[in-house]
Amino acid sequence: MIENLDIYNFKEDEHEDDSEIISDLKNSDQKRINSKHFYDKKGSKLFDMISELKEYYPTRTEIEIIENQKYSFRKKLPSNASIIEFGSGSNKKIKKLLNALNNPKEYISIDISYDFLIVNAKEIAKKFPKVNVKAICADLYQLESINKIINDNSQKIGFFPGSTIGNFSQNDAKKLLIGFKKILGKNSFLIIGVDLRKDKKVMEKAYNDSKGITAKFNKNILKVINKKIGSKFNINNFEHKAYFNEKKKRIEMHLVSRENQNISLKDHDLKIRKGESIHTENSHKYSAAEFEKLVISAGYKKIDFLTDKKNYFGVFFLKVVDN
Ligand code: TRP
């Protein structure tokens with residue numbers, strides 16, 4: 001029992017996903033799996049390993065930006081605030097942010113992977129005994145349920161690192177940003193990380209590492225789906241593929257079938273041809289100007305834009321426009 005930690009689980013009674021998984025897999029234009037299914041315990045661990053790879057520049061670049069700007073964070077952000085992290089993953093970034101702020105009052109950690117969330121929230125609660133920690137197991141499509149347990153009047157700082165925003169289409173990204181405003185309320189801030197468009201080779205390498213961890217991560221989604229819906233995907237029959245789609249300005253990840261297959265999805269069958277793919281992830285890459293336009297259209301104003309020497313990654317410091 002940790003005094004300053006409360007746990008909420010919105011994932012436990014969730015079975016409504018199954019029919020969506022099946023219809024996505026059967027989509028006649030392009031078979032796909034929603035990327036939120038990457039993050040079971042194993043997937044979260046693999047992603048953590050990806051974030052340490054030399055080819056995967058976003059995590060380390062973002063951490064470096066936060067570290068370099070900690071005094072400016074302290075100066076510009078309110079004290080006694082409540083920090084809400086959307087999709088927490090590992091603790092590396094939040095520790096830096098909590099250390100930079102003046103007397104943070106509360107840390108609300110939202111993550112999709114229960115075990116991972118709890119282990120990390122416990123660590124923060126112990127390390128920052130004056131901070132009240134709320135761990136909420138939910139995905140970012142559950143903002144309304146999340147909002148119900150976040151209702152005090154404290155000033156809020158939203159934290160959305162890792163370019164997770166890039167994993168949504170522009171339309172969905174805008175909707176998500178508008179959803180965040182409801183949770184954050186008036187006078188609040190949002191610190192959001194976004195991966196910037198750069199040399200295609202650099203971007204593609206980040207999703208095709210030499211150790212094959214990203215390939216493992218990609219294939220693990222099939223194991224998650226097997227467990228969830230009782231399907232019989234054999235991961236050895238698929239190949240990892242990641243490339244930059246120039247037209248859509250995004251890295252796409254796919255699982256390409258090595259042969260013609262007929263896969264049991266429990267009550268359904270899935271036919272997949274040799275060379276056909278299941279689309280598992282998009283990671284949109286923005287220019288700073290494009291991203292600024294997006295956040296302004298969602299009702300934020302830019303306080304600051306921070307980047308690294310190479311302009312690889314951007315951290316936007318935003319304020320909710322009150323209306
Ligand atoms: N937001 C990260 C990104 O787009 C998360 C991510 C999703 C990822 N899929 C990945 C990272 C595959 C590495 C490999 O980069």
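Just follow the structure's listing: the first ligand is 1, and inside any ligand the first atom is 1. Residue numbers run from 1 in the order of the sequence given. Because the structure is predicted, anything quoted here is derived from the model rather than measured.
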Engineer: Does any donor atom in the side chain of D308 or N68 lie under 3.5 Å from an acceptor atom in the other side chain?
Structural biologist: no
Engineer: Go through the structure and list residues passing side-chain contact (heavy atoms from CB on, under 4.5 Å) with E290, not counting sequence neighbours.
Structural biologist: R197, K249, Y286, S287
Engineer: With a 6.0 Å cut-off (strictly less than), is the heavy-atom count around NZ of K126, excluding the residue itself, greater than 12?
Structural biologist: no
Engineer: List, ordered by chain and residue number, the protein residues whose closest non-hydrogen atom lies under 4.0 Å from any atom of ligand 1.
Structural biologist: Y39, F47, I50, Y56, G162, S163, T164, N167, Y207, T214, F217, M253, E281, S283
Engineer: I'd like to check the side-chain contact (heavy atoms from CB on, under 4.5 Å) partners of D269; sequence neighbours left out, ordered by chain and number.
Structural biologist: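 With neighbours one apart ignored, the set is N262, S264.
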Engineer: I'd like to check the side chain to side chain donor-acceptor pair (under 3.5 Å) partners of Y207; sequence neighbours left out, ordered by chain and number.
Structural biologist: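 For Y207 the side chain to side chain donor-acceptor pair (under 3.5 Å) partners, ignoring immediate neighbours, are S283, K285.
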Engineer: Applying the ring-ring contact (aromatic ring centres under 6.0 Å, His included) test to F180, which of F159, F189, F160 qualifies?
Structural biologist: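 Only match with F180 under ring-ring contact (aromatic ring centres under 6.0 Å, His included): F160.
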